[in-house]
Amino acid sequence: MGQILHGSAKTTHAVRAAAGAAGIMLGSMFFAFFEMGFITGLKGFVAATLGGLGSITGAMLGGILFGLIETFSAVFLSSAYKDGIGMILLIAILLVFPSGLVGLWQKRR
């Protein structure tokens with residue numbers, strides 16, 4: 001019963017090695033640089049903070065809400081301000097609701 005740990009560990013390492021080799025090969029084909037995923041990671045953090053860091057459902061709802069806010073701000077204002085509005089939203093959420101929007105609905109202990 002259960003998994004064979006040695007076999008699954010070897011499989012995991014083989015998949016990691018293949019993914020690393022693929023990343024090295026694709027990185028040399030495309031212009032890859034060290035700041036490549038910074039904005040994407042920052043937007044993910046804003047979405048998770050918007051929903052609430054302690055709740056997976058809240059993080060998903062925060063991602064959807066953040067995407068809608070960012071898209072509508074690009075439509076109604078300017079697409080140049082799209083990233084700035086997201087960062088202003090992060091600051092506003094942290095000031096007003098430090099536990100996120102879903103943290104308002106959870107019971108306090």
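Counting only heavy atoms from C-beta outward, the side chains of Asp83 and Glu70 approach each other to under 4.5 Å. Put simply, the side chain of Phe45 reaches to within 4.5 Å of the side chain of Leu90, judged on heavy atoms.
Going from atom CD1 of Ile69 over to atom CD1 of Ile85 covers 10.0 Å, rounded to the nearest 0.5 Å. Residue Thr71 holds its OG1 atom at 11.0 Å from CZ of Phe76, rounded to the nearest 0.5 Å.
Leu53 and Leu50 end up in different hydrophobic clusters when Ile, Leu, Val, Met, Phe, Trp and Tyr side chains are linked at under 4.5 Å. Residues Ile64 and Leu42 do not share a hydrophobic cluster, clusters being chains of Ile/Leu/Val/Met/Phe/Trp/Tyr side chains in contact below 4.5 Å. Using a 4.5 Å cut-off between side-chain heavy atoms of Ile, Leu, Val, Met, Phe, Trp and Tyr, with links allowed through other members, Val46 and Ile56 fall into different hydrophobic clusters. In the hydrophobic clustering of ILVMFWY residues, with side-chain heavy atoms under 4.5 Å counting as a link, Leu65 and Met60 come out apart. Grouping the Ile, Leu, Val, Met, Phe, Trp and Tyr side chains by contacts below 4.5 angstrom, directly or via other members, places Leu95 apart from Ile88.
Other residues, nucleotides and ligands place more than 12 heavy atoms under 6.0 Å from the CE atom of Met87. Heavy-atom contacts from other residues, nucleotides or ligands closer than 6.0 Å to NZ of Lys82 number 12 or fewer.
Between Phe66 and Gly86, the shortest heavy-atom distance links the atoms CE1-CA, 3.5 Å.
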